[in-house]
Protein chains: 2
Amino acid sequence: MTTIYDVARQAQVSAATVSRVLNGRATVDPVLVERVQEAVRSLGYRRNAVARNLRRSRTMLWGLIISDIGNPFFTALARGVEDVAQAEGYSVALCNSDENPAKESQYIGVVLDEQMAGVIISPSGRGRDVRLLIEANTPVVAIDRELRAATVDSVLVDNEHGAELATSHLIESGYRRIACITGPKQLSTATQRLRGYKRALAAAGLPMDESLVRYSDYREAGAFEAMESLLDSETARPDAVFAANNLTTVGAMDCLVSRGVKVPVEVGFVGFDDIPWAHLVRPSLTTVAQPTYELGQTAARLLVERIKEPSRPPARVVLRTVLHERDSSRRP
Amino acid sequence: MTTIYDVARQAQVSAATVSRVLNGRATVDPVLVERVQEAVRSLGYRRNAVARNLRRSRTMLWGLIISDIGNPFFTALARGVEDVAQAEGYSVALCNSDENPAKESQYIGVVLDEQMAGVIISPSGRGRDVRLLIEANTPVVAIDRELRAATVDSVLVDNEHGAELATSHLIESGYRRIACITGPKQLSTATQRLRGYKRALAAAGLPMDESLVRYSDYREAGAFEAMESLLDSETARPDAVFAANNLTTVGAMDCLVSRGVKVPVEVGFVGFDDIPWAHLVRPSLTTVAQPTYELGQTAARLLVERIKEPSRPPARVVLRTVLHERDSSRRP
DNA sequence: TTGAAAGCGCTAACAA
DNA sequence: TTGTTAGCGCTTTCAA
């Protein structure tokens, strides 16, 4: 391996000078700069970032801990994070916690051990291990989900408002017995979206029937079962469904299709969060779209700021959602 | 920051002993082991991986350079890589090259600078920069796409056979003027899938009409245009389409739908690589499915082996594809 | 403007 | 079995 000393010898300067040139310090004689650059080229030298990081006690690596890499919501978000990171000179280590608090803890450990410059996390549980990060002064940004265990920079969407929008839209379309399949109780998005749903019902003067609510797991199989149990319920079945995330939409729609239930004639449907290629699905899906890419971008920008200025007060950014009306909610 | 010396002082042993305990060396008195562990707990000590990596001149980080994080094919693959990596104690830095050779080069630079333990790459161009990795003795595994510039471990699918399967299936279904929308010429998958398509035509004694072939960019917008140009062609238009990747399928189907072309009645359709929720799309899509997760797993396992045994001869693993017959290719 | 020298936190060779 | 010591490759005082 070629080191900075090899370059120094070749250029007939000291290692300190090579370091200065490499880091673009202005205080070096142009003649020496040229000599150093020539030596770097001829030796094919690359600086060892590990040694550099140790010496400077900081790295240019971020951790991005997401809860499901199979969910296009998170990959769109990751793209937003990555683009900003790259522009700022950071690299991103993507960690998939799989909604598993144990895996999440493990990754938090890696972030700590590797002295990463910061973390963007979509907490899958109560997020108690996030405290370790904060104690270690690692900059943290929460994304998509609220972090109860600590106050940190957060980027969220207006879940309650979006859910209310979706539900009101179903009501305006003429549906009356509207079911809600939401996510796990410990996730802020699940409870907020449920609240928005309830608020829309209340605003329209419709009764709140708890038997129309299901807490699922934000995954396809769970949503499929939840939909089945709604269709099979003793009391009259729902005439519409509000699904609280994209995979819930897929699972529930799958169930409806396989049962031969006609959407939107027999059952109306609105989902929270778009799915890719929603336009190819029949019937096309009415959804509340989230600005996924912007979510990632914003989180990344907050992290950049936080790293620069660790003591600034935590920011809380809430982005808007938009209702996309398509066929699944058009009552004939 | 608490260091190994703080622990040593607290446990009244030397730093070397702490290091031995931390690394599970057997040669330490159980009494001291207990004292060290107690000190670690009480101080909340975590070892600094940067210092460790420098000293050992190796890291536990892999680079995974993929060409489109927005493509579910690559995220499924990433998941396979990540699961194996985690089990083996490695972390994965996900790098999205966006089919952009310049970005790819930049990431290869990061891999080199950070002294990563290895790389799994789906090369987006000619992959000439991969040579830098090889010169630096960084273990490399090529995935999905062949690497012409060097001989390395590779994990591929039987593109030619899969494409032949898809095309033959269309022929058997009664279609005769079958078009092919493939990818960029410099990608091995694009040329191999085109070759399989041609072989199927030849095997069936059908003429090879070059005006039915389009080289697109493996993206939706490009595929949409390619499909348009096929529909608008002077000579008789195709009665079926073979789309060479998943986003090509989406773009081409989108075009057909928006033009009001009836699938599979007027035009039959088969795509290479599944898309998620293909079952919700109408008509449901016939596809040649790739074992995406296994692709990632296999690449990761090869990387583990390569790291252990750098001089073993490069392996080349080819995984099978499977035809999923659905509605888009059923001629009434 | 340049160089000498110290040291980031850890592991491993060597000595005891 | 344990401790002493050197050094991984770099940046950054400090002195010249």
Side-chain angles (χ1 to χ4, degrees), chain A residues 1-37 39-40 43-61 89 109-110 112-117 136-138, chain B residues 1-37 39-40 43-61 89 109-110 112-117 136-138:
Chain A
M1 158 174 267
T2 35
T3 74
I4 205 169
Y5 287 97
D6 299 322
V7 177
R9 196 175 318 117
Q10 177 100 350
Q12 307 195 57
V13 296
S14 71
T17 298
V18 176
S19 174
R20 288 187 190 107
V21 172
L22 257 29
N23 291 294
R25 300 267 179 280
T27 63
V28 183
D29 186 328
V31 177
L32 296 192
V33 171
E34 178 50 45
R35 245 161 56 201
V36 168
Q37 286 171 342
V40 165
L43 292 170
Y45 169 78
R46 299 200 70 103
R47 103 176 118 203
N48 181 329
V50 177
R52 181 176 205 232
N53 292 339
L54 175 61
R55 175 60 232 237
R56 310 194 352 170
S57 3
R58 62 200 190 86
T59 68
M60 295 302 278
L61 227 200
V110 172
L112 250 14
D113 290 351
E114 297 286 343
Q115 318 273 303
M116 291 189 191
N137 290 315
T138 302
Chain B
M1 160 173 264
T2 37
T3 73
I4 206 168
Y5 287 97
D6 300 321
V7 177
R9 196 176 320 117
Q10 176 101 350
Q12 308 194 57
V13 295
S14 71
T17 298
V18 177
S19 174
R20 288 187 190 107
V21 172
L22 257 29
N23 291 295
R25 299 266 180 281
T27 63
V28 184
D29 186 327
V31 177
L32 296 191
V33 171
E34 178 49 46
R35 246 162 55 202
V36 168
Q37 285 171 343
V40 166
L43 292 171
Y45 168 79
R46 298 199 70 102
R47 103 176 119 203
N48 181 327
V50 178
R52 181 176 206 233
N53 292 339
L54 176 60
R55 176 59 232 234
R56 310 193 349 168
S57 356
R58 61 201 191 86
T59 69
M60 294 303 277
L61 228 202
V110 172
L112 250 13
D113 290 352
E114 298 285 343
Q115 318 274 303
M116 291 190 193
N137 290 316
T138 303

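Chain naming here is simple, since letters A, B, ... match the order of the sequence lines and numbering starts at 1 in each. For clarity, every value in this text was computed on a predicted model and none was experimentally measured.
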Qualifying residue, where the test is side-chain contact (heavy atoms from CB on, under 4.5 Å) with Val18(B) and the options are Asp6(B), Val28(B), Ile4(B), Leu32(B): Ile4(B)

Measuring only between side-chain heavy atoms, which start at C-beta, is [X] closer than 4.5 Å to [Y]?
| X | Y | value |
| --- | --- | --- |
| Gln10(A) | Leu43(A) | yes |
| Leu112(B) | Thr138(B) | yes |
| Val36(B) | Tyr45(B) | no |
| Asn53(A) | Arg58(A) | no |
| Arg35(B) | Val13(B) | yes |

Quick one: [X] [atom1] to [N] [atom2], roughly how many Å, whole number?
| X | N | atom1 | atom2 | value |
| --- | --- | --- | --- | --- |
| Arg20(B) | dC10(C) | CZ | C1' | 13 Å |
| Arg25(A) | dG3(C) | CZ | C1' | 16 Å |
| Arg58(B) | dC10(C) | CZ | P | 17 Å |

Its 5'-most and 3'-most nucleotides having an atom under 4.0 Å from a non-hydrogen atom of chain A, DNA chain D is contacted over dG9(D) to dT13(D)

Return the polar atom pairs (N/O with N/O) between nucleotides 5-8 of chain C and the protein under 3.5 Å, or none.
{"from": "dG7(C)", "atom 1": "N2", "to": "Arg55(A)", "atom 2": "NH1", "distance (Å)": "3.3"}
{"from": "dC8(C)", "atom 1": "O2", "to": "Arg55(A)", "atom 2": "N", "distance (Å)": "3.4"}

Which is true for [X] with a 4.0 Å heavy-atom rule: it touches a base, it touches only sugar-phosphate, or it touches nothing?
| X | answer |
| --- | --- |
| Asn23(B) | sugar-phosphate |
| Arg47(A) | sugar-phosphate |
| Val50(A) | nothing |

The helix from dT1(C)-dA16(D) to dA16(C)-dT1(D): angle between terminal helix axes, five bp per end, to the nearest 10 degrees, reads 40°

With DNA chain C as reference, determine whether Ala49(B) or Val13(A) sits nearer its 5' end, using the nearest nucleotide of each. Val13(A)

Could you walk me through whether Val7(A) and Thr2(A) satisfy the side-chain contact (heavy atoms from CB on, under 4.5 Å) test, starting with their C-alpha distance in whole Å, then the side-chain angles of each, then the deciding distance to 0.1 Å, before giving a yes or no? CA-CA 8 Å; Val7(A) 177; Thr2(A) 35; 5.7 Å; no

Residues at least two apart in sequence or cross-chain that pass side chain to side chain donor-acceptor pair (under 3.5 Å) with Gln115(B), listed by chain then number, are none

Any residue meeting side chain to side chain donor-acceptor pair (under 3.5 Å) with Arg47(A), in chain and number order, not counting sequence neighbours: Asn23(A)

Run Met1(A) and Asn48(A) through side-chain contact (heavy atoms from CB on, under 4.5 Å) and show every step you take. CA-CA 10 Å; Met1(A) 158 174 267; Asn48(A) 181 329; 4.0 Å; yes

Using the salt bridge (charged side-chain N to carboxylate O under 4.0 Å, His left out) criterion, which residues pair with Arg46(B)? Sequence neighbours excluded. Asp113(A)

Quick one: is dG3(C) close enough that its OP1 or OP2 comes under 4.0 Å of any side-chain N or O from Thr17(A)? yes

